[in-house]
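Protein chains get the first letters and strands the later ones, always in sequence-line order, with residue 1 at the start of each.
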2 protein chains.
Amino acid sequence: MSTIVDLPTETPEQGSSASHQGENTSAPETSLREATQTWIREAILSGRYQGGEKLIERELSEMTGASRSVLREALSHLEARGLIVRQSFRGYTVAKLSTRSIFEIFELRASVETLAAELFAERASDQEVEDIGIAFEAIEAGIHANDLKKIRTAKDQFFGVLFAGCRNSEIRRALENVIDRISYLRSQLMSDPRRRQDSLVEMRLLAEALQDRNRVEARAASLAHLESARDALVNQLSVAANTKVAKAITKVPRKS
Amino acid sequence: MSTIVDLPTETPEQGSSASHQGENTSAPETSLREATQTWIREAILSGRYQGGEKLIERELSEMTGASRSVLREALSHLEARGLIVRQSFRGYTVAKLSTRSIFEIFELRASVETLAAELFAERASDQEVEDIGIAFEAIEAGIHANDLKKIRTAKDQFFGVLFAGCRNSEIRRALENVIDRISYLRSQLMSDPRRRQDSLVEMRLLAEALQDRNRVEARAASLAHLESARDALVNQLSVAANTKVAKAITKVPRKS
DNA sequence: TCTCCATTTTTTGTATACAAAATGAAGAAC
DNA sequence: GTTCTTCATTTTGTATACAAAAAATGGAGA
């Protein structure tokens with residue numbers, strides 16, 4: 001059952017740089033289009049625009065300062081990533097997450113993210129193994145400090161190192177897309193102190209397995225964390241069925 | 001180790017239609033942008049534009065009849081899907097596949113596509129099980145008739161049914177993207193009669209397992225097929241290292 | 001007060017125009 | 001003959017304009 005093989009190492013710079021170029025390589029922010037895109041993405045991920053909400057071009061244009069040409073390119077890009085959807089002559093709306101979508105996403109993640117964990121254990125550099133430890137400690141510190149923003153940053157860091165260490169930019173790309181779609185829910189989840197504590201325990205197991213380069217344990221810990229996060233998310237949704245977040249997730253438009 | 005659970009069935013029309021809307025739902029081809037996008041995509045997949053080749057806007061504009069606004073939206077969309085890459089002030093080029101990328105893609109597919117096969121065995125409707133059989137017979141007929149185009153169409157059909165039957169549009173989305181990227185290589189592969197024969201045998205095993213709804217066998221057959229296809233592809237590349245296809249795959253630009 | 005229809009306004013779809021950057025070519029200096 | 005510089009052309013980046021479709025508004029009739 002070995003799906004893990006040694007990948008060829010030739011032309012590594014070409015393979016990976018070409019693959020995730022144009023993604024969120026936060027560094028240079030070359031074109032206006034990319035900046036606009038990032039702005040909109042951040043606005044959605046931070047919850048400024050809720051699921052199902054309409055994105056009005058004039059409004060975005062004013063806020064970002066970009067012209068409509070640029071704006072529409074950015075929107076088209078985000079549509080391809082699944083973050084927003086377009087209907088003919090009705091413009092773009094923020095993609096809605098049905099409960100079903102959440103299950104689907106976690107089903108995919110359960111397959112791919114566990115693979116990523118295994119691959120990290122196998123392929124990560126010593127530096128990356130060290131970085132995983134550092135990132136985990138940052139998460140821990142954030143939780144103790146009760147600092148939501150810090151937690152989120154540290155988690156992004158953690159998964160960033162994880163995906164880099166697995167040496168497969170296709171996995172990174174596939175996961176980035178689905179994680180984007182649910183990431184504005186993550187902060188909702190993390191606001192529950194008990195869930196935070198559970199999450200910390202699960203992630204410690206994962207971090208330790210990764211640092212030990214223990215493939216089997218890493219997969220198991222990753223899967224456990226995912227299932228736990230999924231269940232917590234679905235639970236919270238069914239409990240808080242009246243909050244605006246829940247409405248943004250579960251409801252279908254009435255007059256479509 | 002059960003990553004397979006029963007997905008909730010609520011709001012199925014919303015969940016799925018919203019999820020893969022705006023993809024290649026070949027039916028209505030509403031907007032000009034989508035048509036343009038499809039045109040470019042087809043041009044790349046059919047090999048009309050080779051990997052690394054530059055896409056000149058004026059040229060595409062003339063060929064598709066679309067204005068630059070529309071064209072650029074389409075290009076932006078395709079960039080997000082990874083089919084083309086953009087460099088500042090140097091326009092778009094068709095994404096190149098390094099050997100490494102191919103390994104990465106197959107590594108991802110080995111994880112996700114086998115899951116899709118399992119899920120199909122579990123969840124597909126009786127109609128879909130039947131359709132899988134029909135699609136397979138079409139592939140068989142195509143191979144016997146030695147009709148490359150027919151083979152390709154039938155295979156698309158087969159995987160279309162497979163992805164639909166697994167009831168997870170996220171999986172479909174993730175796989176569509178990576179399969180797009182290597183699909184212009186598939187015809188190269190299929191031109192080798194021996195590989196065609198091998199492929200047929202592997203796919204028969206897969207089709208039979210799917211029709212028997214045998215999860216374990218389905219996964220095994222899917223994995224076997226993938227590894228076989230990957231190896232054949234890599235083999236062919238190293239053999240025919242001087243063909244234009246190989247050049248499009250392996251070489252890095254000299255003056256970048 | 002409610003409902004239906006016509007008109008106005010907003011918003012999207014498409015096309016064109018102008019500016020900036022990069023590429024390529026011709027000519028001058030060596 | 002070669003190389004460097006300068007200029008013209010091409011191509012991309014950005015902004016604006018116009019047309020078509022949908023949504024919002026408001027008034028007339030019941």
Side-chain angles (χ1 to χ4, degrees), chain A residues 18 21-23 25 27-40 43-44 49-50 52-80 83-95 252-256, chain B residues 18 21-23 25 27-40 43-44 49-50 52-80 83-95 252-256:
Chain A
Q21 112 187 155
E23 299 297 293
T25 54
E29 211 68 271
T30 57
S31 68
L32 183 52
R33 194 211 70 183
E34 273 187 55
T36 307
Q37 200 171 288
T38 303
W39 190 96
I40 299 172
I44 294 173
Y49 288 101
Q50 300 278 324
E53 197 170 341
K54 200 171 177 185
L55 296 173
I56 295 161
E57 290 189 3
R58 183 179 47 77
E59 204 175 298
L60 292 174
S61 186
E62 279 172 14
M63 284 174 142
T64 62
S67 75
R68 277 188 62 211
S69 319
V70 177
L71 187 63
R72 294 191 117 247
E73 280 185 59
L75 290 171
S76 182
H77 195 103
L78 292 172
E79 185 201 0
L83 210 58
I84 60 181
V85 294
R86 188 175 78 156
Q87 286 181 298
S88 229
F89 289 102
R90 288 190 199 177
Y92 290 93
T93 54
V94 178
V252 296
R254 274 289 159 257
K255 53 181 302 187
S256 88
Chain B
Q21 113 185 156
E23 299 295 294
T25 54
E29 209 71 87
T30 56
S31 68
L32 182 52
R33 194 212 71 182
E34 272 187 55
T36 307
Q37 199 171 287
T38 303
W39 191 97
I40 300 172
I44 294 173
Y49 289 100
Q50 300 278 324
E53 196 170 340
K54 200 170 176 184
L55 297 173
I56 295 161
E57 290 190 2
R58 183 179 48 75
E59 204 176 299
L60 291 175
S61 186
E62 280 172 14
M63 283 173 142
T64 62
S67 74
R68 277 188 63 211
S69 320
V70 177
L71 187 61
R72 295 191 115 248
E73 280 184 60
L75 289 171
S76 182
H77 195 103
L78 291 173
E79 185 201 358
L83 210 58
I84 60 181
V85 295
R86 189 175 76 154
Q87 286 181 298
S88 229
F89 289 102
R90 288 189 200 176
Y92 290 93
T93 54
V94 178
V252 295
R254 274 289 156 256
K255 51 181 301 189
S256 89

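Taking the side chain to side chain donor-acceptor pair (under 3.5 Å) definition, one finds that A:T36 meets it with nothing, sequence neighbours left out.
If you take OG on B:S76 and CZ on B:R33, they are separated by 8.5 Å, rounding to the nearest 0.5 Å. Here the CD1-CG distance, from B:I84 to B:L78, works out to 5.0 Å after rounding to the nearest 0.5 Å. B:H77 contributes atom NE2, which lies 4.0 Å from atom CD of B:Q37 (distance to the nearest 0.5 angstrom).
Nearest heavy atoms, A:E53 versus A:Q50: OE1-N, 2.8 Å. In plain terms, the two heavy atoms of B:K54 and B:R90 that are nearest each other are CE-O, 3.4 Å.
Distance, B:L71 CG to D:dT12 P: 9 Å, rounded to whole Å. Protein atom CZ of A:R58 is 9 Å distant from nucleotide atom P of C:dT12, rounded to whole Å. Atom CD of B:E73 and atom C1' of C:dT14 are 10 Å apart (whole Å). Put simply, CD on B:Q37 is 13 Å from P on C:dT14, counting in whole angstrom units. What separates CD of A:Q87 from P of C:dG13 is a distance of 11 Å, to the nearest Å. Between the CZ atom of B:R72 and the P atom of C:dT14 there is a distance of 17 Å, rounded to whole Å. One interatomic measurement links the two molecules: CD1 of A:I56 to C1' of C:dT10, which rounds to 9 Å at whole-angstrom precision. One atom, CZ of B:R86, and another, C1' of D:dG13, lie 9 Å apart when rounded to the nearest Å.
Both B:S69 and B:E57 lie near DNA chain D, and the one whose nearest nucleotide falls closer to the 5' end is B:E57. The residue among B:A66 and A:G91 whose nearest nucleotide of DNA chain C is located toward the 5' end is A:G91.
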Going by atom type alone, with no hydrogens or angles, which donor-acceptor pairs under 3.5 Å involve a side-chain atom of residues 57-68 of chain A and a protein atom two or more places apart or on another chain?
from, atom 1, to, atom 2, distance (Å)
A:E57, OE1, A:R68, NE, 2.7
A:E57, OE1, A:R68, NH2, 3.0
A:E57, OE2, A:R72, NE, 2.9
A:E57, OE2, A:R72, NH2, 3.4
A:S61, OG, A:A66, O, 2.7
A:T64, OG1, A:L60, O, 2.8
A:T64, OG1, A:A66, N, 3.3

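Within the nucleic acid shown, B:L55 comes within 4.0 Å of sugar-phosphate atoms alone, with no base atom in reach, counting heavy atoms only.
In this structure, of D:dT12, C:dT12, C:dA15, it is C:dA15 that holds the atom nearest to the side chain of B:L32.
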How would nucleotides 17-22 of chain C be written as a contact map, 5' to 3', with B for base contact, S for sugar-phosphate-only contact and - for no contact, using protein heavy atoms under 4.0 Å? B---SS
